[in-house]
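FYI, the numbering just counts along the sequence from 1. Below, each value reflects all heavy atoms present in this structure, side chains not excepted, and no hydrogens, waters or symmetry copies.
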Amino acid sequence: MNTTTLLVRQDALATTQLRSTEPAALADGQVRVRVDCFALTANNITYAAMGEMLEYWRFFPSGEPGWGIVPVWGFGTVTESRHPDVPVGERLYGYWPMANEAVLSPHKTSATGFADGAAHRVGLHAVYNHYLRCSADPFYRPDTEDIQALLRPLFITSWLIDDFLADQGFYGAGTLLLSSASSKTAYGTAFQLAQRAGVQVVGLTSQANQAFCESLGCYHRVVAYEDLEQLAADTPCVYIDFAGSVALRQRIHQHCTQLAYSCAVGASHVGDLGGAGQLPGPRPVMFFAPAQVKKRTQEWGVQGLNERLVAAWQAFTTAVQAQPQPWITVQQHQGPQATQALFLDLLRGQGDPRMGHVASMQP
């Protein structure tokens, strides 16, 4: 079967193409993995929008100038192996190309997983280069793969944002403003922040998504973008920007005269992205999750960090899946054309915030 890959034009994300090529022969030490399923969310749009700045295009080079492959989180199965420590049939969780298969070069193998030692990935952060064996993964449950693919990488980012801000004493502020409040990374962050004493978590969203955000119960208050100026201007606050909108950032910085910190996280508003420009108040600082992982790993060790993450993940997924109104309903998208259409829908910002999309490039 040919290798089918979704290519995205790096300077025009709405321009995509499906490429079909003969599968590459494996070299000694390599494995071929069938990419079974992966999540597509606003997080992947951020990867594409910030691909050049944050090196996301480097993980899976397209080999075609101007075209990139957007990375996705999900599950795969080893179908061919020329590595003694990675058997055929091994189930893996990790970072994949938007394709029906991937070739990896396992490096630093252990009982729990391995890194991809491919030359082009040298120097890229270990968080994105590591593949976990599902048989030894404390997060893994075979009956919740869809939820794991959709929410696990986003929630880990959410947990780290909460941990980072708490570590900084919330910069002395008592109010936290989260834009794109209906997005999964934002409400995961709100879920964690709401457990902190002495802070108020305020979700900023469109009028269309206001009721959804209020139904989650993790925001103390939800405010539509149109009503932003109704917020008290002189309250010390932190802005956590999941939208990436230049216009919204400008309004926040101008209105909130006691803005203590401006944390840039995502870029879900692709049509209105841009640099910080001339803004009143603190200069926005891009949150880079792997830096906080490195800090906590040094302080707590890998096991200490994982134990905290797994406990928080279990509490979060229990809330997300609670009946009678779960926070998320999974929709499957099968095949290359369906995946291509879904990517374009997400790029346009279309869709129900209660819907989670899991795709497969398998025909």
Side-chain angles (χ1 to χ4, degrees), residues 5-17 35 37-62 64 66-76 93-99 102 116 118 120-121 123-131 148-158 160-161 179-180 183-186 188-189 241-245 263-275 286-293 333 339-351 356-361:
T5 308
L6 180 63
L7 302 183
V8 176
R9 189 74 195 173
Q10 294 174 346
D11 59 356
L13 302 182
T15 302
T16 64
Q17 65 169 308
V35 181
C37 65
F38 51 83
L40 268 179
T41 69
N43 192 44
N44 302 102
I45 303 304
T46 295
Y47 289 157
M50 298 186 173
E52 194 67 39
M53 180 173 67
L54 297 181
E55 299 188 318
Y56 291 120
W57 298 125
R58 284 186 56 194
F59 285 92
F60 305 105
S62 71
E64 298 185 24
W67 292 88
I69 300 171
V70 178
V72 289
W73 291 96
F75 293 91
Y93 170 81
Y95 215 38
W96 308 105
M98 213 180 299
D116 185 4
H120 69 271
R121 293 177 75 163
L124 296 175
H125 204 283
V127 168
Y128 301 105
N129 268 351
H130 199 67
Y131 292 84
Q148 292 170 72
L150 277 163
L151 296 180
R152 176 173 171 171
L154 307 184
F155 179 72
I156 289 174
T157 298
S158 299
L160 291 166
I161 294 168
S179 63
S180 201
S183 70
K184 298 169 183 63
T185 314
T189 305
D241 183 8
F242 296 93
S245 164
C263 182
V265 180
S268 60
H269 292 199
V270 174
D272 187 29
L273 301 180
M286 190 73 196
F287 179 75
F288 188 55
Q292 190 68 8
V293 171
H333 302 261
T339 302
Q340 183 180 32
L342 172 60
F343 178 80
L344 295 173
D345 283 347
L346 289 171
L347 192 65
R348 290 189 287 266
Q350 297 179 356
H357 300 282
V358 173
S360 173
M361 291 281 284

If we ignore hydrogens and angles and just use 3.5 Å, is the side chain of His333 paired with the main-chain N or O of Ser360 as donor and acceptor?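 Side chain of His333 to backbone of Ser360: no pair is present.
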Has the side chain of Thr16 got a donor or acceptor atom that lies under 3.5 Å from a matching backbone atom of Val8?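 Checked: no pair found.
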Contact summary for [X] and [Y], nearest pair of heavy atoms:
| X | Y | value |
| --- | --- | --- |
| Ala14 | Leu344 | O-CD2, 3.5 Å |
| Ala149 | Gly74 | CB-CA, 4.3 Å |
| Ala243 | Ser179 | N-OG, 3.2 Å |
| Val358 | Cys37 | CG1-CB, 4.0 Å |
| Ser158 | Gly188 | CB-C, 3.4 Å |
| Val70 | Ala48 | CG2-CB, 4.0 Å |

Contacts of [X] that satisfy side chain to side chain donor-acceptor pair (under 3.5 Å) - sequence neighbours left out:
| X | value |
| --- | --- |
| Arg121 | Asp116, Asn129, Tyr131 |
| Thr157 | none |
| Tyr47 | Asn43, Trp73 |
| Gln17 | none |

Quick one: [atom1] on [X] to [atom2] on [Y], what's the gap to the nearest 0.5 Å?
| X | Y | atom1 | atom2 | answer |
| --- | --- | --- | --- | --- |
| Thr185 | Leu151 | OG1 | CG | 9.0 Å |
| Thr41 | Lys184 | OG1 | NZ | 6.5 Å |
| Phe155 | Thr189 | CZ | OG1 | 8.5 Å |

Run the ring-ring contact (aromatic ring centres under 6.0 Å, His included) test against [X] and tell me which residues pass, sequence neighbours left out.
| X | value |
| --- | --- |
| Phe343 | none |
| Phe60 | none |
| Phe75 | Tyr93, Tyr140 |

Flag the pair Met361 / Val35 as yes when at least one side-chain heavy-atom distance between them is below 4.5 Å, and no otherwise.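 Sidechains of Val35 and Met361: no contact.
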Can you check whether Ile161 reaches Phe242 side chain to side chain, under 4.5 Å on heavy atoms?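 Ile161 vs Phe242: side chains touch.
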side-chain contact (heavy atoms from CB on, under 4.5 Å) partners for [X], two or more places apart:
| X | result |
| --- | --- |
| Thr5 | Thr3, Leu7, Arg19, Ile69, Ala99 |
| Pro290 | His125, Val127, Tyr128, Phe288 |
| Val72 | Phe38, Leu40, Asn44, Trp96, Met98 |
| Arg9 | Asp11, Ala12, Thr15, Trp67 |

